[in-house]
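To start, the structure itself, in structure tokens.
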Number of protein chains: 2
Amino acid sequence: MKDNDTKDKILNHAASLLQDRGYNGFSYTHISECLGIKNAAVHYHFPTKSDLGTAMIQRFREQFKSWVAHLETKYNQQADKLLDGFIAIPRSYLNKENLICPLGVLEASFNVLPSSMQKETQGLGQDMRDWLTQILELGRQHHMFHFVGPAEDKALLVSAALQGASFIAGTKSNELFETIVRQIKRDLAIHQDTSKRTTKD
Amino acid sequence: MKDNDTKDKILNHAASLLQDRGYNGFSYTHISECLGIKNAAVHYHFPTKSDLGTAMIQRFREQFKSWVAHLETKYNQQADKLLDGFIAIPRSYLNKENLICPLGVLEASFNVLPSSMQKETQGLGQDMRDWLTQILELGRQHHMFHFVGPAEDKALLVSAALQGASFIAGTKSNELFETIVRQIKRDLAIHQDTSKRTTKD
DNA sequence: GTCTATAACGTGATAGAC
DNA sequence: GTCTATCACGTTATAGAC
């Protein structure tokens, strides 16, 4: 078995555990039991939990970068498709195994993270909000989205809402995530009724 | 010393620890050391951590109820003031001791909570979103707020955004919380420019 | 109402064999 | 690369004295 196979498996299981239970909610033993090895074997690949945690976030950042590259190739300049691609990240976690977006989990226990993990968490958050800012600005310029204020502020709001949506969905029903997504899109729509609309689209 | 004095002190410190470090991030020893007593004394008041946790959330719910009653007396039917009162809850936590809103912390580790805490967490979330729904519907009827779609959906979005805002602020700067609040209010404002506005209000 | 003492367990981590 | 064995520590929790 190649080194990277086990190392990758460890990262995969650790990521699932993190997104399910939080950073303080899983241990090396949890991971090793999933893989049918002993916890000492996990320490061989990642000497400390901080090493493991930092590697996990770095991998999340790489995965995000790849996803962005993929989307930009496939949906060049199509702001609505790009936004859907952004929203697909937390949605796919929720639908696959009821996991919540890693960024949210990490931010939730930010104060108890080792500093190298704090740094990577800040970086991941910045990466995601920066890209969302670009999408929103693009959509506004192309008259696909309507909103007032700086695109940066709107991106901050939307990303905060998606994070919160993951959490709320986890406590009740994944349908609540979709409800919030629908509202985000309604708020971004160009043609807004001035009359009151209290029924669903 | 009356029973309730120590019991209240325990709940106060436990709440701060929870909002700072998450449910799995503090122990009975943390609490007892804050109070200058031994951890066994904490067990006298709350036999298990689940008992303590459940009592904490029940108290959050009572505090929220009181706050709502206070606001409704002071700002009867003034939707904008009531919304400010709602937003003041997470804001005051952030500004006082860099704490995050208890609901968000609890939702973030929902899967590892004892079931009695899960039930209370769901209740607290429902309480808050229900009241926000009322405020938004009232504001729309009084032509103070503009938004499309059901008030319930908009309330879900705003509460998710405020939760996320607390988290993001905790990783960077409390100013980000205010940025998100400004954007929420821009999006609710009646008179929206159709022209692009990229500068701050 | 708080204490000392301690049990029982899980966790992060290391040493050294295979 | 994984194992057994073990350590030091923190945690939840209990028994029983004061």
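Chain naming here is simple, since letters A, B, ... match the order of the sequence lines and numbering starts at 1 in each.
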- Message: What is the distance, to the nearest angstrom, from the NE2 atom on A/H45 to the P atom on D/dG1?
- Response: 6 Å

- A/N24 atom CG is separated from C/dG10 atom P, nearest whole Å, by 17 Å

- Protein-nucleotide distance (B/N39, atom CG; C/dT6, atom P), rounded to Å: 15 Å

- Out of D/dC3, C/dA13, C/dT2, whichever nucleotide has its closest atom nearest the side chain of A/T48: C/dA13

- Side-chain contact, heavy-atom cut-off 4.5 Å: B/W67 with B/I89? yes

- Query: salt bridge (Lys or Arg N to Asp or Glu O under 4.0 Å) with A/R21: which residues, sequence neighbours excluded?
  - Reply: none

- Message: Strictly below 4.0 Å: does A/T6 bring a side-chain N or O up to OP1 or OP2 of D/dT2?
- Response: yes

- Sequence neighbours excluded, which residues qualify as salt bridge (Lys or Arg N to Asp or Glu O under 4.0 Å) partners of A/E120? A/R61

Can you name the atoms? Protein N/O to nucleotides 8-11 of chain D N/O, anything below 3.5 Å, with the distance.
{"residue": "D/dT11", "atom": "OP2", "partner": "B/S27", "partner atom": "OG", "Å": "3.4"}

- Does the side chain of A/D51 come under 3.5 Å of the side chain of A/T48 through a donor N or O and an acceptor N or O? yes

- Query: Near DNA chain D, which residues from residues 108-120 of chain B have a heavy atom under 4.0 Å away?
  - Reply: none

- Query: B/Q163 and A/Q163: side-chain hydrogen bond (donor to acceptor under 3.5 Å, both in side chains), yes or no, with the steps?
  - Reply: CA-CA 8 Å; B/Q163 266 180 234; A/Q163 265 180 235; over 6 Å; no

- Report yes or no: do B/Q183 and B/D187 form a side-chain donor-acceptor pair below 3.5 Å? yes

- Message: At less than 4.0 Å, is any side-chain N or O atom of B/H43 found next to OP1 or OP2 of C/dG1? Yes or no.
- Response: no

- Any cation-pi pair here, A/R186 with B/F147, using under 6.0 Å and within 45°? no

- Query: Restricting to pairs with a member in residues 161-187 of chain B, which pass ring pair (Phe, Tyr, Trp, His ring centres under 6.0 Å), not counting sequence neighbours?
  - Reply: A/F167-B/F167

- Message: Any side-chain N or O of B/Y44 below 4.0 angstrom from OP1/OP2 of C/dG1?
- Response: yes

- Note on the structure: The nucleotide from D/dT4, D/dT2, D/dA15 with an atom nearest the side chain of A/A40 is D/dT4

- Quick one: salt bridge (Lys or Arg N to Asp or Glu O under 4.0 Å) partners of A/E62, sequence neighbours excluded? none

- In whole angstroms, how far is the P atom of C/dG1 from the CG atom of B/L35? 15 Å

- Message: Nearest whole Å is fine: how far is C/dG12 P from A/F46 CZ?
- Response: 15 Å

- Side chain of B/K38 only, please: which of C/dT4, D/dA13, D/dT2 is the nearest? C/dT4

- Rounded distance (Å) that lies between atom C1' of D/dG1 and atom CD1 of A/I31: 17 Å

